[in-house]
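Data block below; observations after.
All values reported here derive from a predicted model rather than from experimental measurement.
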Amino acid sequence: MKLTSLALLVLLLLASSTFAQDNKCTLKLAELPAAPELFGFQLGMTTAQVKTRVPQVVFGRVDDFGVSKTSINPDFSATIDKTTLSGVRTISLDFLDDHLTSLWFGYDGTFKWQTVPDFVAGISQALHLPAAWKPWKIRGQQIYCADFQITVTMVSEGPSFHIIDETAEQTIAARREAKEEMDTAAREETPPAEIVADKKAKLYYTAGCPPPHEITAADRVVFKSQEDAERAGYKPACR
């Protein structure tokens, strides 16, 4: 029996939907194996563990949200043993509350995977990732899993690999939002400074420009803002 065009279209859509569902990454960070291509680094390790791996590393300042950043540059640091990081040009590390949450590798021209397709195929096998990669920007590919994402692209004619802890990113975003809400509430609760003016001199004074002498009660005028004072014909005592 021949299928009508509509029936064939429905079958194709169902097949496409099933394929998309089968190609989702449900892996979690805790399930990822230690890949030799990451040279002993993995998300979740502490700064002390990173220091043990590369004693020359210097950590950045921890900001108000518990975030710190640093980088390791085997190509530019003579003190780092390049043989333990063969094929690596740069490593960037982000930490949240003393734990590694973002790991970026920039590989050089000697690394074994020199194209994005080759790197995706190799790292998928090393980390047991499913075929759920999607195009990213011009030359890259990206995969989203249960609580992490990975991006592979080309940087300076060499492959780069970036893995991010999505749970940590959400924590940072929540802390920033809470800080902004607190700052907004504080601004709203703080009454605006009053503008004091001298009726006789037709001058007004701000917090940074107090009057040189006490203004008499008869000549003292108070405005809510500089704009109000200027609309009333007063000029700033200091510019």
Taking [X] for its side chain and [Y] for its backbone only, find out whether a donor-acceptor pair lies under 3.5 Å.
X	Y	answer
Ser86	Lys82	no
Lys235	Glu230	no
Ser77	Asn73	no

Taking all heavy atoms of [X] and all of [Y], pick out the closest pair and write down the distance.
X	Y	value
Ala34	Gln42	CB-OE1, 4.4 Å
Thr110	Gly87	OG1-CA, 3.4 Å
Val50	Phe41	CG1-CE2, 4.2 Å
Pro159	Gln114	CD-NE2, 3.9 Å
Cys25	Ala132	N-CB, 4.1 Å
His128	Gln125	CD2-O, 3.3 Å

**Q.** Derivation of the side chain to side chain contact (heavy atoms under 4.5 Å, CB included) call for Leu96 and Thr171
**A.** CA-CA 9 Å; Leu96 174 65; Thr171 299; 4.0 Å; yes
How long is the straight-line distance from [atom2] of [Y] back to [atom1] of [X], given to the nearest 0.5 Å?
X	Y	atom1	atom2	result
Trp104	Ile163	CH2	CD1	15.0 Å
Asp81	Thr83	CG	OG1	3.0 Å
Lys199	Arg220	NZ	CZ	12.5 Å
Trp136	Thr151	CH2	OG1	5.5 Å
Asp75	Ile72	CG	CD1	13.0 Å
Thr46	Leu100	OG1	CG	9.5 Å

Cluster overlap [X] with [Y], hydrophobic side-chain contacts below 4.5 Å:
X	Y	answer
Tyr205	Val222	no
Leu27	Phe161	yes
Met45	Phe148	yes
Leu38	Leu129	yes
Phe105	Ile164	no

Q: Under the ring pair (Phe, Tyr, Trp, His ring centres under 6.0 Å) rule, collect the residues that match up with Tyr144, sequence neighbours excluded.
A: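 With sequence neighbours excluded, Tyr144 shows a ring pair (Phe, Tyr, Trp, His ring centres under 6.0 Å) to no residue whatsoever.
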[X] bridged to [Y] by N-O distance under 4.0 Å:
X	Y	answer
Asp64	Arg176	no
Asp183	Lys179	yes
Lys28	Asp147	no

Q: Please assess His162 against Ile150 for the test side chain to side chain contact (heavy atoms under 4.5 Å, CB included), listing each intermediate value before the final yes or no.
A: CA-CA 6 Å; His162 191 190; Ile150 296 176; over 6 Å; no
Hey, are the side chains of [X] and [Y] touching, using non-hydrogen atoms and a 4.5 Å cut-off?
X	Y	value
Val120	Ile143	no
Ser160	Thr90	no
Thr101	Leu43	no
Leu85	Ile91	yes
Cys145	Glu166	no
Gln142	Lys134	no
Pro135	Gln141	no
Ser68	Phe95	yes

Q. Quick one: hydrophobic cluster around Ile195, which other residues, with the 4.5 Å side-chain cut-off, linked directly or via members?
A.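 Other cluster members: Tyr204, Val221, Phe223, Tyr234.
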Q: Show your reasoning for whether side chain to side chain contact (heavy atoms under 4.5 Å, CB included) applies to Val88 and Asp108.
A: CA-CA 6 Å; Val88 176; Asp108 61 27; over 6 Å; no
Q) Would Arg89 count as a cation-pi partner of Tyr107, with NZ or CZ less than 6.0 Å from the six-membered ring centre and within 45° of the ring normal? A)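 No.
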Q | Set of residues satisfying side chain to side chain donor-acceptor pair (under 3.5 Å) with respect to Lys112, sequence neighbours excluded | A |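 Checked Lys112 against side chain to side chain donor-acceptor pair (under 3.5 Å); matches are Glu37.
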For the residue pair [Y] / [X], report whether a side-chain donor-acceptor contact shorter than 3.5 Å exists.
X	Y	result
Thr216	Asp219	yes
Thr79	Gln56	no
Trp133	Ser124	yes

**Q.** Ring geometry between Phe39 and Phe111 (parallel below 30°, tilted from 30 to 60°, perpendicular above 60°)
**A.**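 Rings of Phe111 and Phe39: tilted, 30 to 60°.
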Q: Classify the ring geometry between Phe119 and Trp113 as parallel (under 30°), tilted (30 to 60°) or perpendicular (over 60°).
A: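 Perpendicular.
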Q: Report the C-alpha distance between Arg53 and Gln49 in whole Å, list the side-chain angles of each, state the deciding distance to 0.1 Å, and finish with yes or no for side chain to side chain contact (heavy atoms under 4.5 Å, CB included).
A: CA-CA 6 Å; Arg53 174 64 184 85; Gln49 290 172 322; over 6 Å; no
Q | Heavy atoms from other residues, nucleotides or ligands near NZ of Lys51 exceed 12 (cutoff 6.0 Å) | A |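 Count over threshold, so yes.
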(Q) Can you tell me which residue among Gln226, Arg231, Lys224 is in a side-chain hydrogen bond (donor to acceptor under 3.5 Å, both in side chains) with Asp228? (A)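 Running side-chain hydrogen bond (donor to acceptor under 3.5 Å, both in side chains) over Gln226, Arg231, Lys224 with Asp228 returns exactly one hit, Arg231.
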